[in-house]
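Report on the structure given below.
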Amino acid sequence: MTPLLQVETIAKFYGSRIGCADVSFDLYPGEVMGIVGESGSGKSTLLNCLAGHLTPDRGAVRFDTRAQGLRDTITMSEPERRMLGRTDWAFVHQHARDGLRMNVSAGGNVGERLMAVNARHYGDIRNEAIDWLGRVEITEDRIDDRPTAFSGGMQQRLQIARNLVTGPRLVFMDEPTGGLDVSVQARLLDLLRGLVREMNLSAIIVTHDLAVVRLLADRLMVMKDGHVIETGLTDQVLDDPQHAYTQLLVSSVLQV
Amino acid sequence: MSDYNFAYLDEQTKRMIRRAILKGLAIPGYQVPFASREMPMPYGWGTGGVQVSAAVLTPDDTFKVIDQGADDTTNAVSIRRFFQKTAGVAVTEATSEASVIQTRHRIPEQDLRADQILVYQVPIPEPLRFLEPSEVETRKMHALEEYGLMHVKLYEDISQHGDIATAYAYPVKVEGRYVMDPSPIPKFDNPKLEMAGIQLFGAGREQRIYAIPPYTQVVSLDFDDYPFQPTKADHACDLCGAEDSYLDELIVDDAGGRMFMCSDTDYCATRRKQGHVGAQGVPYKEDAA
């Protein structure tokens, strides 16, 4: 089986400081990978390198493209990479404001990716938008409202709908539940888990919330100071942490 | 003649602008940056158009200026006088007699010929500007032909107004490549963008020149189920009776009285000279005006 994403000794430096270094892993179709670690451990740098937002200084990121099989997304041309970015890839930002157009209605936000891949039939675009808003539990009568009129949780769900509408195969998520209260978090996680299973999505989720990866991720990578210090199946890493830092991380979770 | 160099600008500046114009003609719809000069008029009054006109004018040219279709508004009169004074060129109000026409917000009703140049004054040359504020990003979008965002604007129109409500500065795609802002002309004029004459667009404050060569394909963007429709007021001109021209609505009293008249004053006057009379018009007399 070909991996969907093959990451090979990725490294990114900010001057002499390390962003992330020597990260390698394979991600297979339908698999959800969690990346955890404290602030400043290089999680987001790594995610941005994988999603093509940052150019890593070393290493290769190979994506299994529909047409040509495994291709290095770092050396491919910018138009190709941006094309991937709006078709096969999706990126869910921590702050919905970064991922949405706040002055465009919810329907327009969902429709943008469709129009970017040359959908030119208003009725079809709108029906698709209504369908997707429904899937993320936003009612049809909110379709012409702007995201500014939405609550934080709704904005986040709208961002997810906007990203998944073109049927991507790989979703990058940067703290998708950050800044939401716990009950909203729970519903969002439930929704995400459903969508990931239903669409057979592969996903890479960066978070510092261990509960999120426990629910969503099949595999886990623990990062500290730019390096991966432990990897393994989620339950294995969380229930039997080997590295001292992972043990600290797991024991730091507040028990209610 | 005056102490100014021909057509006000110095020769080096005109050469610089001509280079930008030629590049613009070679890449239809592409916005060419140029070193816009300070002109003796405020931004927004046509500094871009004036510079383009200055660069293309020759002593043999006949110059015409229209502002919202009219030859007799402040803006049109002063720009016409400006070139009369600094270039000594002949001026006219007749579309058919002019070789260079500078315009703001309209394309003349009468078809232009291959030996005529139409110069537009452009306030904001970037069609994507109000959706994407970053110039770096919009340039990249043009370079990579990522024009999905333009349709988002049209989508928003339909979802809010039930129809494409954009009535002027309606975005077009030139020769299947660049999406272009045709300057704030009414969308009624969009079909006329495919013409025999050369069309040059100058944006002074934004420092951009772009162009449409003769007989270039210009397609107004739309949706399959909401096709592009040029619109005008559903009336005939009250002065000349024309039913095919773009109309201005004029409030004539405070009792709800109004009349519609051609926005293209030359077109209207020519028709009245030929004996056409509208509903509220009076027969044309040579000394009336």
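Residue numbering restarts at 1 for every chain, and letters A, B, ... go by the order of the sequence lines. The figures that follow rest on heavy atoms only: side chains count, while hydrogens, waters and symmetry mates do not. The shown structure was predicted, so the numbers you read here are calculated from the model rather than taken from an experiment.
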Say whether, by atom type as modelled, one donor and one acceptor occur between the side chain of A:N163 and the main chain of A:F91 under 3.5 angstrom.
-> yes
Could you tell me which portion of A:R86 (side chain, backbone, both or neither) has an atom closer than 4.5 angstrom to a non-hydrogen atom of chain B?
-> side chain
Does any N or O in the side chain of A:Q155 come within less than 3.5 Å of the main-chain N or O of A:P147, such that one atom is a donor and the other an acceptor?
-> yes
When the ring planes of B:H142 and B:Y147 are compared, do they come out parallel, tilted or perpendicular, using 30° and 60° as the limits?
-> perpendicular
Report the option among B:E156, B:K153, B:Q160, B:M150 that has the most heavy-atom pairs separated by less than 4.5 Å from atoms of chain A.
-> B:E156
So do the side chains of B:I124 and B:R205 get within less than 4.5 Å of each other, counting heavy atoms only?
-> yes
Within the distance-only criterion (no hydrogens, no angle test), does the side chain of A:R81 pair as donor or acceptor with the backbone N or O of A:T73 below 3.5 angstrom?
-> yes
Heavy-atom distances under 4.5 Å only: say whether B:I158 touches chain A with side chain, backbone, both or neither.
-> both
May I ask you to name which of A:A119, A:A116, A:S105 has the most heavy-atom pairs under 4.5 Å with chain B?
-> A:S105
Honestly, the part of B:Y226 sitting under 4.5 Å from a heavy atom of chain A is side chain
Inter-residue atom distance A:Q159.CD - A:D98.CG, 0.5 Å rounding = 8.0 Å
Side chain / backbone / both / neither for A:L114 at chain B, heavy atoms under 4.5 Å | neither
Using non-hydrogen atoms only, which part of B:E145 is less than 4.5 Å away from chain A: side chain, backbone, both, or neither?
-> neither
